[in-house]
2 protein chains.
Amino acid sequence: MPGDKLTEDLIGDRFGVSRTIVRTALARLNVEGLVDLQPNKGAAIAQPSLSEAHDVFEARMCLERQVLTRLADKVTDSDIERLERHIALENKATPNDGPASIRLAGEFHILLADLAGNSVLSRYVDEVVSRCSLILALYGRPHSSDCSLNEHQQIVDALRARDGTRAVASMGHHLEAVTERALLSSTTDKHRDIRTILDYYAK
Amino acid sequence: MPGDKLTEDLIGDRFGVSRTIVRTALARLNVEGLVDLQPNKGAAIAQPSLSEAHDVFEARMCLERQVLTRLADKVTDSDIERLERHIALENKATPNDGPASIRLAGEFHILLADLAGNSVLSRYVDEVVSRCSLILALYGRPHSSDCSLNEHQQIVDALRARDGTRAVASMGHHLEAVTERALLSSTTDKHRDIRTILDYYAK
DNA sequence: GTCCCCATCATTGTATACGAAATGTAGGAA
DNA sequence: TTCCTACATTTCGTATACAATGATGGGGAC
């Protein structure tokens, strides 16, 4: 799907709105890094290079560690409760393993950022999480979920203990694992799109 | 200036373009946090609350520390040279103390981020630096420069020594100082805009 | 004198229209 | 056959037009 052209007229017809609306949406998705936009050539679903993908994961690591540093200081019991309920949802969704599972895994991270109560961090985390989903679609194994439930649980456990150091470390390990699942597998997987291969060897 | 209404027609006439162009520009500035955008009521130069301002500075600290962590590992001699030349420019601009000085101070941070070579970090740093300039205009003392030259020099010195720990620490101290100059002074300064005062007591 | 309602105006939100750039295609020459 | 050029078609970039929403001010009632 990444690389697909996004023609303004088609999308407009699809949603029953004019090109004006589509255009503003595409512009927004462009600054968020989800669509590539070339002048006079139109929009396409973003195809981040491996190098860009690493950049996104590095930024994500930096931002989410900060989120947990904050959270460990200010998290409330009802916050913990809410996180636990979310993990329960994730557990429930795992069996059928559809796109709902991937969405929920991302929302866990976004929920953490929201609870941290910093609007800037929150927006940036939202952005990098979305981009990571895209990267997973490009480079990850098909059908691989990007987050292990166990790892989410460890983060919440550390938060419940108000152990900031452990919480940050848990998130660190989790994101290392996510990065590995999303990126490192791509060098061996034969099923990947030809564009990905070319991109990889082009460094 | 923050809080001023931005009428699409006026701006369009001012620059000789149609509302279409102005609108896309305003939308972009809105996602970057520089203009507030209320549905059916138009755009205005952003007026971040003190709490939002602290959020921005916290995110900035987190991002720029990461920039220096990266840079300490990969900085080249020609990078150092370029940073030194930039500081020389800043020194030259200080006497007349105009807006050029403020712009150069911001560009030093953006240059650091660019040299770090992570496109995501680079974009985010660009954004928070812009927002900090806005915050300085809102809450800072009039005519106060937001960056001390000496502090910039210390950062480059640490980079030249390839001392990552010291570089991150220097940036940390620098941004602490910047935050203080931009925010803490606002509680005592009688010359501040009435809106700022109200905003502050409204927490 | 003050408050409220309605009319008018200003400004935004969305659609459409038109010119420009780029891409694809057919035809002819080497 | 292959390459190049000219034309046609598609799609984008910008301006303009119209509808909808919110702001402003004046007149009347209490």
Side-chain angles (χ1 to χ4, degrees), chain A residues 1-49 52 119-120 122-123 126-127 130-131 134 137-138 193-199 201-202, chain B residues 1-49 52 119-120 122-123 126-127 130-131 134-135 137-138 193-199 202:
Chain A
M1 202 77 162
D4 287 6
K5 276 222 70 182
L6 297 168
T7 308
E8 298 175 356
D9 274 327
L10 291 181
I11 299 175
D13 291 347
R14 186 85 175 62
F15 289 94
V17 294
S18 82
R19 279 180 52 218
T20 309
I21 310 291
V22 177
R23 238 179 127 63
T24 66
L26 290 175
R28 165 116 195 208
L29 291 170
N30 175 58
V31 321
E32 287 175 5
L34 293 178
V35 323
D36 290 338
L37 212 53
Q38 282 185 300
N40 279 316
K41 295 188 65 180
I45 298 179
Q47 265 188 303
S49 65
E52 285 175 290
S119 57
V120 182
S122 192
R123 186 167 80 71
D126 199 332
E127 227 178 89
S130 302
R131 295 180 76 167
L134 187 78
L138 242 188
D193 192 305
I194 181 66
R195 287 179 306 233
T196 305
I197 309 286
L198 290 173
D199 190 271
Y201 285 107
Chain B
M1 203 76 161
D4 287 5
K5 275 223 68 179
L6 298 168
T7 307
E8 298 175 356
D9 273 327
L10 292 181
I11 300 174
D13 291 348
R14 186 84 175 64
F15 289 95
V17 294
S18 83
R19 280 179 53 218
T20 308
I21 311 292
V22 177
R23 239 177 125 65
T24 66
L26 289 177
R28 165 114 195 209
L29 291 170
N30 174 58
V31 321
E32 287 176 5
L34 293 178
V35 323
D36 290 337
L37 212 52
Q38 282 184 300
N40 281 315
K41 295 187 65 178
I45 298 177
Q47 265 188 303
S49 65
E52 284 175 290
S119 58
V120 182
S122 192
R123 187 169 78 72
D126 200 332
E127 228 178 89
S130 302
R131 294 180 77 167
L134 187 78
I135 290 165
L138 242 187
D193 192 305
I194 181 66
R195 288 180 305 234
T196 305
I197 309 286
L198 290 174
D199 190 89

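Computed from heavy atoms alone, side chains included, the values below leave out hydrogens, waters and symmetry copies. The model shown is predicted, which means the values in this text are computed figures rather than measured ones. Convention: sequence-line order gives letters A, B, ...; per-chain numbering from 1.
For T24(A), the side chain to side chain donor-acceptor pair (under 3.5 Å) test picks out no residue, with sequence neighbours left out. Scored by the salt bridge (charged side-chain N to carboxylate O under 4.0 Å, His left out) test, E52(A) finds no partners at all (sequence neighbours excluded). In this structure, the salt bridge (charged side-chain N to carboxylate O under 4.0 Å, His left out) partners of R23(B), at least two apart in sequence or on a different chain, are E8(B). Residues satisfying the side chain to side chain donor-acceptor pair (under 3.5 Å) criterion with S130(B), sequence neighbours excluded, are absent altogether.
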(request) Report, as a single string ordered 5' to 3', how protein heavy atoms within less than 4.0 Å touch nucleotides 12-22 of chain C: B base, S sugar-phosphate only, - not at all. (result) BBBBBB---SS
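For residues 29-40 of chain B, the set of pairs meeting the side-chain hydrogen bond (donor to acceptor under 3.5 Å, both in side chains) definition, not counting sequence neighbours, comprises R28(B)-E32(B).
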